[in-house]
Amino acid sequence: MTRPESLTHKSMTLGEAGAALAFGLLAFLSLLIAAKAHTSEYAFHAYLFAAGSIAAVFAIIDRYYNRPAEKAPLTIDGKPNYNMGPVKVATVAAMLWGIAGFTIGLLAALQLAFPVLNFDLSWLSFGRIRPLHTSAVIFAFGGNVLIATSFYVVQRTCRARLAGDLAPWFVVLGYNFFILIAGTGYLLGITQSKEYAEPEWYADLWLTVVWVVYFLVFLGTIIRRSEPHIYVANWFYIAFILTIAVLHLGNNAAIPVSIFSPKSYIVWSGVQDAMVQWWYGHNAVGFFLTAGFLAIMYYFIPKRVERPVYSYRLSIIHFWALIFLYIWAGPHHLHYTALPDWAQTLGMTFSVMLWMPSWGGMINGLMTLSGAWDKLRTDPVLRMMVVSVAFYGMSTFEGPLMSIKAVNSLSHYTDWTIGHVHSGALGWVAFVSFGAVYCLVPWLWNRKGLYSLKLVNWHFWISTIGIVLYISAMWVSGILQGLMWRAYTNLGFLEYSFIETVEAMHPFYVIRALGGALFLIGSCLMVFNLWMTVRSGDTEITTQSEPSLVPAE
């Protein structure tokens, strides 16, 4: 039996051989750790690593035998040969994780209103599903949206194929494997108890490798660009990727008890640990949930409205001001704590200063619609993205306001903070993500348009009503909490016991759960709409036009 002609001169690339060998070694190490693990939960994760590594080896070998002998060309007939496979997978993963994260958030909201819903199960307790919800929504949903859009935008604006062959696939699949390890770890009680950084040391190590490869792929694509100018969205993506790497390494510096134990000890202690944690925590908001999604705004709104960015000069000023100021704002999470007063004041000062560049970005996004406001009547996808920018402006005004010490003394530790976070997370991050995914799916699957704009309209209004119910309930609840906590009798005693304040919150918690349910229903409509869009055979014959971009002024 002779070998096919395509295999005659084919050899495994260095990347394929190296990756297969590395995953083989990881599989062996994981099985060894599973055999000697200190806990059954850690052994379960070790078996997951082993199974994933073995699957990766088989996938690499199978891909080698099925691919053509020559590398994928960078251009075809003078046009860039874009690699959209990883973008498709990340887009699908984003929506799946999104529905999961929103559902878990609804369960957490219902548990606060009706505690019996934890069913006396340790893995369904609020303390475990709450970080599961935050990580699923921020890192699983938001992270996959950022990876998908960044890989799409950097190719289109640089007119270059993604750097690497296996590397982009490793980023997408490796990142989602991290989400799997982190999520199951929360349910099993494996956590280092740091806000937005709960996964233990071995998950952090894996994410570090994935993130470094992500940075190299993104930077390599920019280096091989055929466009001389680097569009501003790519600057925001670079800032997001690079800063998150620095934050991740600094905040998660830990010493494991043993390679056979999931437990580790953070190298920071006391007030230094708190300061590093909120340097990380606030800048995870600043660079993951702000800079990354501003990159989405700067590409998808001009693209959807078919007009250039209102002011490219303002976008550059917005970028550098935001990048410089945000990194200093973390201490405002630690007002009235053991943190030195000068550090608290520094955090407050930079937080107030952040109002200006944040609103500069909002104005730039909104004014891009100059002369095209009529499109908001007929395009619900554009409407969703524009409303997201309005929510961005509102939450970036409220954040600096709440960082002022006098206001913070009332708002801190109350539901006002929860309302503020969700006005940004649901109104800004989720809505701009939904808009981007609504744009991406027809482009990626070569469809003429979405299955139903009417469903997009329903999604927009149902979810918007849900957000308004959610944040309004939390604002009223939070201010009521703060006022009850600081109320004193004529004799100087607290007027209300803590349980009385909890009882007063009950109707607001019910309203919050209702708002969350509406938001979830809207998201389910979106998934159905996207599924039907992909299933339809209504393909686009002509290629999409290039985005309306302008050179640096």
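Computed from heavy atoms alone, side chains included, the values below leave out hydrogens, waters and symmetry copies.
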TODO: Please assess L107 against H133 for the test side chain to side chain contact (heavy atoms under 4.5 Å, CB included), listing each intermediate value before the final yes or no.
DONE: CA-CA 9 Å; L107 175 60; H133 161 63; over 6 Å; no
Open item on the list: Between V276 and Y280, does the side chain to side chain contact (heavy atoms under 4.5 Å, CB included) criterion hold? Intermediate values first, please.
Closed with: CA-CA 6 Å; V276 171; Y280 165 88; 5.6 Å; no
Open item on the list: Working note: K194 + N251, criterion side chain to side chain contact (heavy atoms under 4.5 Å, CB included); need CA distance, chi angles, decisive distance, verdict.
Closed with: CA-CA 9 Å; K194 292 175 77 71; N251 189 49; 3.2 Å; yes
TODO: Under the ring pair (Phe, Tyr, Trp, His ring centres under 6.0 Å) rule, what do F49 and F177 come out as? Steps first, then yes or no, please.
DONE: CA-CA 9 Å; F49 268 101; F177 184 76; 5.0 Å; yes
TODO: Please step through ring pair (Phe, Tyr, Trp, His ring centres under 6.0 Å) for the pair F170 and W206, ending with a clear verdict.
DONE: CA-CA 12 Å; F170 173 73; W206 173 256; 5.6 Å; yes
Task: Evaluation steps, side chain to side chain contact (heavy atoms under 4.5 Å, CB included), between Y175 and L207 - done: CA-CA 7 Å; Y175 184 78; L207 180 60; 3.9 Å; yes
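The shortest distance between side-chain heavy atoms of P199 and Y186 falls below 4.5 Å. Residues S150 and Y214 are in side-chain contact: their nearest non-hydrogen atoms beyond the backbone lie under 4.5 Å apart. Counting only heavy atoms from C-beta outward, the side chains of Y196 and I138 approach each other to under 4.5 Å.
For F218 and W211, the gap between ring centers reaches or exceeds 6.0 Å. Aromatic ring centres of F236 and Y298: separated by under 6.0 Å. For W428 and Y392, the distance between ring centers is under 6.0 angstrom. No close placement of the F288 and H248 rings is indicated, their centers lying 6.0 Å or farther apart. Under the 6.0 Å cut-off for aromatic ring centres, F519 and F102 qualify, their centroids lying closer than that. Ring to ring, F508 and W416 are not that close: their centroids are 6.0 angstrom or more apart. Between Y42 and F260, the ring center distance fails the sub-6.0 Å criterion.
Scored by the side-chain hydrogen bond (donor to acceptor under 3.5 Å, both in side chains) test, Y202 finds H45 as partners (sequence neighbours excluded). Contacts of K88 classified as side-chain contact (heavy atoms from CB on, under 4.5 Å), with partners at least two apart in sequence or in another chain: L444, W445. A search for side-chain contact (heavy atoms from CB on, under 4.5 Å) contacts involving M275 returns L339, not counting sequence neighbours. S315 pairs by the side-chain hydrogen bond (donor to acceptor under 3.5 Å, both in side chains) definition with nothing, not counting sequence neighbours. Residues passing the side-chain hydrogen bond (donor to acceptor under 3.5 Å, both in side chains) test with Y237 are T149, sequence neighbours excluded. Qualifying ring-ring contact (aromatic ring centres under 6.0 Å, His included) partners for Y326, counting only residues two or more places apart in sequence or in other chains: H282.
Minimum interatomic distance between A517 and L106 (heavy atoms only, all atoms of both residues): N-CD1, 3.8 Å. Residues C439 and M385 come closest through the heavy atom pair SG-CE, 4.1 Å. The heavy-atom pair separating P256 from S264 by the smallest distance is CA-CB, 3.7 Å. Minimum interatomic distance between T414 and L410 (heavy atoms only, all atoms of both residues): CG2-O, 3.5 Å.
Note that the CZ atom of F28 and the CG atom of L25 stand 9.0 Å from one another [nearest 0.5 Å]. Note that the CE atom of M526 and the CE atom of M384 stand 7.0 Å from one another [nearest 0.5 Å]. Here the straight-line distance linking atom CG of L162 with atom CZ of R224 works out to 8.5 Å at 0.5 Å rounding. Within the model, atoms NE2 of H332 and OG1 of T349 stand 12.0 Å from one another, a figure rounded to the nearest 0.5 Å. In this structure, OG in S433 is found 11.0 Å from CG in L426, a value given to the nearest 0.5 Å. For the atom pair CG (N176) and CD1 (I181), the distance works out to 12.0 Å, reported to the nearest 0.5 Å.
Other residues, nucleotides and ligands contribute only 12 or fewer heavy atoms inside 6.0 Å of the NZ atom of K36. Counting heavy-atom neighbours within 6.0 Å of L121 CG, excluding the residue itself, gives a total above 12. The neighbour count for W485 CH2, taken as heavy atoms of other residues, nucleotides or ligands under 6.0 Å away, is above 12. For CH2 of W235, the number of neighbouring non-hydrogen atoms (other residues, nucleotides, ligands) closer than 6.0 Å is 12 at most. Open room surrounds CH2 on W328; 12 or fewer heavy atoms of other groups in view lie less than 6.0 Å from it.
No donor-acceptor distance shorter than 3.5 angstrom exists from the side chain of Q481 to the backbone of Y413, with no hydrogens or angles considered. Formation of a donor-acceptor pair under 3.5 Å by the Q192 side chain with backbone atoms of A197 is found in this model. A distance-only check finds a donor-acceptor pair linking the side chain of T290 to the backbone of V285 [under 3.5 Å]. In terms of modelled atom types and a separation under 3.5 Å, the side chain of S403 and the main chain of P400 share a donor-acceptor contact. Proximity of a side-chain donor or acceptor of R225 to a complementary backbone N or O of I222 within less than 3.5 Å is detected. In this structure a side-chain-to-backbone donor-acceptor pair under 3.5 Å is present from Q344 to Y336. In this structure a side-chain-to-backbone donor-acceptor pair under 3.5 Å is missing from N144 to T91.
Using modelled atom types, one finds no donor on one side chain facing an acceptor on the other under 3.5 Å when comparing Y299 with T157. Looking at R512 and S477, their side chains never bring a donor and an acceptor atom within 3.5 Å of each other. Side-chain N/O atoms of D415 and Y509 include a donor and acceptor closer than 3.5 Å. Remark: the T221 side chain and the Q155 side chain contain no N/O donor-acceptor pair separated by less than 3.5 Å.
In summary, E198 and R128 do not engage in a salt bridge, as defined by a charged side-chain N under 4.0 Å from a carboxylate O.
Taking the six-membered ring where the residue is Trp, W359 and W355 present perpendicular rings, their angle passing 60° and hence far from 30°.
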